[in-house]
Amino acid sequence: VARMGGDEFLIIANRLNESETQKLAEKIKRYGESLPITVGDEQIYPSLSIGLAISVEGDGSPENLLQLADQRMYRDKTACASQPTELHQS
């Protein structure tokens with residue numbers, strides 16, 4: 001896990017296939033959104049936006065994969081989806 005900046009993080013999950021990657025993202029999203037944050041006397045629940053990319057997409061370069069994941073994360077954020085953006089949707 002690496003912090004890319006601001007509120008963006010990168011997770012490199014080695015040796016996972018597409019289905020396993022999707023399940024991991026869904027699990028992270030469910031867990032993160034289930035934990036309340038206390039602000040003063042109130043509890044708020046965060047929302048997570050996730051963009052996925054796997055090494056067989058595009059040219060497989062780190063730069064290309066980061067670009068794909070970033071595009072998908074912003075699409076997920078814009079859509080306010082309850083599930084991460086599916087793989088192979090560019």
Side-chain angles (χ1 to χ4, degrees):
V1 176
R3 183 172 181 218
M4 298 299 291
D7 61 352
E8 294 183 9
F9 294 84
L10 169 69
I11 298 173
I12 298 176
N14 195 21
R15 298 187 180 126
L16 296 182
N17 65 34
E18 183 177 329
S19 174
E20 292 167 327
T21 302
Q22 188 73 36
K23 287 177 186 175
L24 175 63
E26 291 167 359
K27 184 176 181 179
I28 290 168
K29 186 169 182 134
R30 270 193 316 273
Y31 181 74
E33 291 180 339
S34 73
L35 301 173
I37 298 170
T38 303
V39 179
D41 293 336
E42 297 191 36
Q43 288 190 325
I44 58 173
Y45 288 84
S47 64
L48 277 68
S49 299
I50 297 177
L52 303 173
I54 58 174
S55 62
V56 297
E57 295 184 283
D59 64 11
S61 71
E63 295 81 11
N64 181 253
L65 294 172
L66 284 171
Q67 183 181 24
L68 284 171
D70 198 51
Q71 290 169 353
R72 292 169 180 162
M73 185 266 308
Y74 280 106
R75 188 178 315 132
D76 190 44
K77 186 178 293 219
T78 300
C80 298
S82 63
Q83 299 297 318
T85 303
E86 292 289 327
L87 293 169
H88 303 298
Q89 292 181 354
S90 296

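For this chain, numbers begin at 1 and follow the sequence in order. Quick caveat: nothing in here was measured; it's all calculated off a predicted structure.
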What I'd like to find out is whether the side chain of [X] reaches to under 4.5 Å of the side chain of [Y], using heavy atoms alone.
X   : Y   : value
E20 : R15 : no
I28 : L24 : yes
I50 : E26 : no
V1  : L10 : no
M73 : D76 : no
R72 : R75 : yes

Side chain to side chain contact (heavy atoms under 4.5 Å, CB included), that's the test. Do L52 and E18 meet it? Break it down for me.
CA-CA 9 Å; L52 303 173; E18 183 177 329; over 6 Å; no
Taking E33 for the side chain and L48 for the main chain, is one N or O donor matched with an acceptor at less than 3.5 Å?
yes
Mind checking the [atom1]-[atom2] spacing from [X] to [Y]? Nearest 0.5 Å is all I need.
X   : Y   : atom1 : atom2 : value
Y31 : L35 : OH    : CG    : 4.5 Å
E8  : S49 : CD    : OG    : 9.5 Å
I11 : M4  : CD1   : CE    : 12.0 Å
S55 : I12 : OG    : CD1   : 11.0 Å

Just checking, is any N or O donor in the side chain of N17 or S19 under 3.5 Å from an acceptor N or O on the other one?
no
Hey, can you pull the donor-acceptor pairs under 3.5 Å for the side chains in residues 37-47, sequence neighbours left out?
none

Can you give me the closest heavy-atom contact between I54 and L65, atom names plus distance?
O-CD2, 3.0 Å
Heavy-atom pair of closest approach, residues S34 and P36
O-CD, 3.3 Å
